[in-house]
K.L.:
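One structure is given below, represented as structure tokens, and several questions about it will come after.
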Amino acid sequence: MIGGSGLQRLLAEGAGDELDVATPFGPTSGPITVGTLEGTPVAFVARHGSGHSVAPHEIPAKANVWALASLGVRAIVSSTAVGGLRPDLPPGSLVVPDQLIDQTRIRSGSDAVRRDTFYGAGVVEHLTFADPFTPSLVRIALDALAGIGETAVSPATTVVIDGPRFSTRAESQWFRSLGGDIVNMTQYPESALAAELGLGYVNLSFVTDTDAGVAAADVDEDAVDASRVFERLSRAQPRIVAAIAAIAAAIPDDVAVSTGIARDAIDAVLALAPRATA
Ligand SMILES: CSC[C@H]1O[C@H](OP(=O)(O)O)[C@H](O)[C@@H]1O
Ligand SMILES: Nc1ncnc2[nH]cnc12
């Protein structure tokens with residue numbers, strides 16, 4: 001599990017072991033809690049760190065994904081806060097996206113936080129990324145949510161921006177015209193990196209606000225504002241945790257993911273030596 005904004009802890013205090021996992025790509029966002037969520041073995045990392053101190057454009061996605069893979073997880077369930085790009089996706093809506101449009105741009109440096117591949121430097125691999133969210137897990141998540149009485153919107157397309165700023169009205173309207181349903185700052189490169197290591201990846205998005213291009217300029221009730229986003233997330237926390245637990249419980253042991261990456265290339269990345277921490 002990778003917990004997004006508002007989801008700093010998944011297991012009850014004291015439940016599970018907190019591990020500091022060293023990686024070849026530097027430190028993870030925070031400790032990884034390994035334990036059992038309503039009977040399902042899980043490893044959990046808070047994407048923004050335990051005290052929400054890591055900004056979206058600084059999230060060490062390579063380290064987080066590598067650390068989870070090195071612990072033996074087979075699929076990642078990610079939670080995210082998102083803005084709605086459609087009037088019929090008001091705050092409080094749940095979305096399980098099946099598509100994504102990458103509008104992030106920061107890519108410099110071999111380990112740079114937005115770096116979106118584990119390969120290169122002599123190892124040539126081309127990820128099959130037509131379906132950025134594992135289709136079988138999207139179906140499983142929707143069924144699991146229906147089973148607890150939650151209706152999630154799907155299919156849906158996420159537009160991912162660098163942040164930390166929110167979109168202008170013109171950008172937001174453009175994202176909608178591109179076919180975007182929701183907008184976020186973290187679903188990429190996390191989803192691609194998970195696929196590059198052969199992991200399933202499914203996302204639960206909670207709409208916290210109406211994005212700028214959809215919100216009426218003179219009505220700010222639903223408009224995006226970080227403090228309002230956190231307030232809504234905090235009220236929704238029990239609902240989001242229950243939804244994630246239901247999805248986790250429904251994931252089979254043998255998640256099949258076909259990404260076109262050679263198994264020996266994945267194994268070589270997982271065999272890289274962790275970088276010593278200071
Ligand atoms: C606090 S609003 C913007 C913030 O919320 C989302 O975080 P996450 O995707 O980790 O749930 C968004 O991507 C931004 O990082
Ligand atoms: N409107 C928005 N844009 C980008 N990321 C978000 N996360 C929550 N709301 C968002």
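Remember, it's 1-based here, ligands and their atoms both numbered in the order they're listed. We use all heavy atoms of the structure for the numbers below, so side chains are in, but hydrogens, waters and symmetry mates are not.
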K.L.:
May I ask you to identify the nearest protein heavy atom to atom 4 (C) of ligand 1, giving residue, atom name and distance to one decimal place in Å?
P.N.:
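For this ligand atom, the closest protein heavy atom is Ser5 OG, 3.5 Å.
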K.L.:
Please determine if Ala81 has a nitrogen or oxygen closer than 3.5 Å to a nitrogen or oxygen of ligand 2.
P.N.:
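Such a contact does occur with ligand 2.
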K.L.:
Tell me whether Tyr201 shares a hydrophobic cluster with Val96, the cluster being built from Ile, Leu, Val, Met, Phe, Trp, Tyr side chains joined at under 4.5 Å.
P.N.:
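Yes; tracing contacts between hydrophobic side chains, which count when under 4.5 Å, links both residues.
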K.L.:
Just heavy atoms, cut-off under 4.0 Å: does Met185 contact ligand 1 by side chain, backbone, both, or neither?
P.N.:
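Met185 to ligand 1: contacts from backbone and side chain alike.
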K.L.:
Identify the protein heavy atom lying closest to atom 10 (O) of ligand 1, giving its residue, its atom name and the separation to 0.1 Å.
P.N.:
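Among all protein heavy atoms, the one nearest atom 10 (O) of ligand 1 is His48 NE2, 2.5 Å.
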K.L.:
Output yes when the distance from some N or O of ligand 1 to some N or O of Gly4 is under 3.5 Å, and no in every other case.
P.N.:
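No - when backbone and side-chain N and O of Gly4 are compared with those of ligand 1, no distance drops under 3.5 Å.
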K.L.:
Using atom types as modelled and distance alone, determine if a side-chain donor or acceptor of Arg74 lies under 3.5 Å from a backbone N or O of Asp253.
P.N.:
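Judged by distance alone, yes, a pair lies under 3.5 Å.
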K.L.:
Can you check side chain to side chain contact (heavy atoms under 4.5 Å, CB included) on Leu272 and Phe25, steps first, answer last?
P.N.:
CA-CA 10 Å; Leu272 290 171; Phe25 310 102; 4.0 Å; yes
K.L.:
One residue to check: Asp209. Relative to ligand 2, which of side chain, backbone, both or neither has a non-hydrogen atom less than 4.0 Å away?
P.N.:
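The answer is the side chain.
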K.L.:
Please write down residue, atom name and distance for the protein heavy atom closest to atom 10 (C) of ligand 2.
P.N.:
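So the nearest neighbour among protein heavy atoms is Gly83 N, 3.4 Å.
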K.L.:
Determine, using the 4.5 Å side-chain heavy-atom cutoff (strictly less than), whether Val229 and Val95 are members of one ILVMFWY cluster.
P.N.:
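Hydrophobic grouping puts Val229 apart from Val95.
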K.L.:
Is ligand 1 under 4.0 Å from a heavy atom in the side chain of Val229, in the backbone, in both, or in neither?
P.N.:
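Val229 to ligand 1: side-chain contact only, backbone stays beyond 4.0 Å.
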K.L.:
Hey, does Phe166 sit under 4.0 Å from ligand 1 if you only count heavy atoms?
P.N.:
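Distance cut 4.0 Å: Phe166 passes for ligand 1.
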K.L.:
When hydrophobic residues are tied together by side-chain contacts of less than 4.5 Å, even through go-betweens, does Leu7 share a cluster with Val207?
P.N.:
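No; Val207 is not reachable from Leu7 via cluster members.
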K.L.:
Please could you name the atoms of ligand 1 that Phe230 approaches to less than 4.0 Å, counting only its heavy atoms?
P.N.:
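Checking each atom against Phe230, I get 1 (C).
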K.L.:
Which of the numbered atoms in ligand 1 are below 4.0 angstrom from a heavy atom of Thr80?
P.N.:
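Here the atoms of ligand 1 in question are 9 (O), 11 (O).
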K.L.:
Run the side chain to side chain contact (heavy atoms under 4.5 Å, CB included) check on Glu190 and Val65 step by step: do they pass?
P.N.:
CA-CA 7 Å; Glu190 198 172 88; Val65 170; 4.3 Å; yes
K.L.:
Among all protein heavy atoms, pick the one closest to atom 9 (O) of ligand 1 and tell me residue, atom and distance.
P.N.:
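Result for atom 9 (O) of ligand 1: Thr186 OG1, 2.6 Å.
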K.L.:
Hey, what do you get for CG (Leu142) to CG (Asp98), rounding to the nearest 0.5 Å?
P.N.:
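Result: 9.0 Å between the selected atoms.
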K.L.:
Looking at non-hydrogen atoms alone, which of Asn184, Asp162, Ile161 comes nearest to atom 5 (N) of ligand 2?
P.N.:
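Among Asn184, Asp162, Ile161, the closest heavy atom to atom 5 (N) of ligand 2 belongs to Asn184.
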K.L.:
Taking only heavy atoms of Arg47, which atoms of ligand 1 are found under 4.0 Å from at least one of them?
P.N.:
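Answer for ligand 1: 8 (P), 9 (O), 10 (O), 11 (O).
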K.L.:
Distance under 4.0 Å to a non-hydrogen atom of Asp211: what atoms of ligand 2 satisfy this?
P.N.:
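In order of numbering, the contacting atoms are 1 (N), 2 (C), 3 (N).
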K.L.:
Please list, in number order, the atoms of ligand 2 under 4.0 Å from a heavy atom of Thr208.
P.N.:
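By the 4.0 Å cutoff, the relevant atoms are 8 (C), 9 (N).
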K.L.:
For atom 2 (C) of ligand 2, grab the closest protein heavy atom and report residue, atom and distance to one decimal in Å.
P.N.:
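Residue, atom and distance for the closest contact: Phe166 CD2, 3.5 Å.
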K.L.:
For atom 6 (C) of ligand 2, find the nearest protein heavy atom and state the residue, atom name and distance (0.1 Å precision).
P.N.:
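Protein heavy atom with the smallest distance to atom 6 (C) of ligand 2: Val183 O, 3.7 Å.
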K.L.:
Answer yes when Lys62 and Asp116 have at least one side-chain N-carboxylate O distance shorter than 4.0 Å, and no when they do not.
P.N.:
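Salt bridge absent between Lys62 and Asp116.
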K.L.:
Applying a heavy-atom cut-off of 4.0 Å, say which part of Val82 lies close to ligand 2: side chain, backbone, both or neither.
P.N.:
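Only the backbone of Val82 comes within reach of ligand 2.
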K.L.:
As a test of understanding, state which of Leu89, Ile182, Val183, Val82 forms a side-chain contact (heavy atoms from CB on, under 4.5 Å) with Asp211.
P.N.:
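One option only clears the test, and that one is Val183.
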K.L.:
Looking only at side chains, do Gln187 and Ser78 share a donor and an acceptor under 3.5 Å apart?
P.N.:
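Judged by distance alone, the side chains do not pair up.
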K.L.:
So Thr158 and Asn184, side-chain hydrogen bond (donor to acceptor under 3.5 Å, both in side chains) or not? Walk me through it.
P.N.:
CA-CA 7 Å; Thr158 307; Asn184 168 258; over 6 Å; no
K.L.:
What's the spacing between Gln103 CD and Ile161 CD1 if we round to 0.5 Å?
P.N.:
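Nearest 0.5 Å value for the CD-CD1 distance: 9.5 Å.
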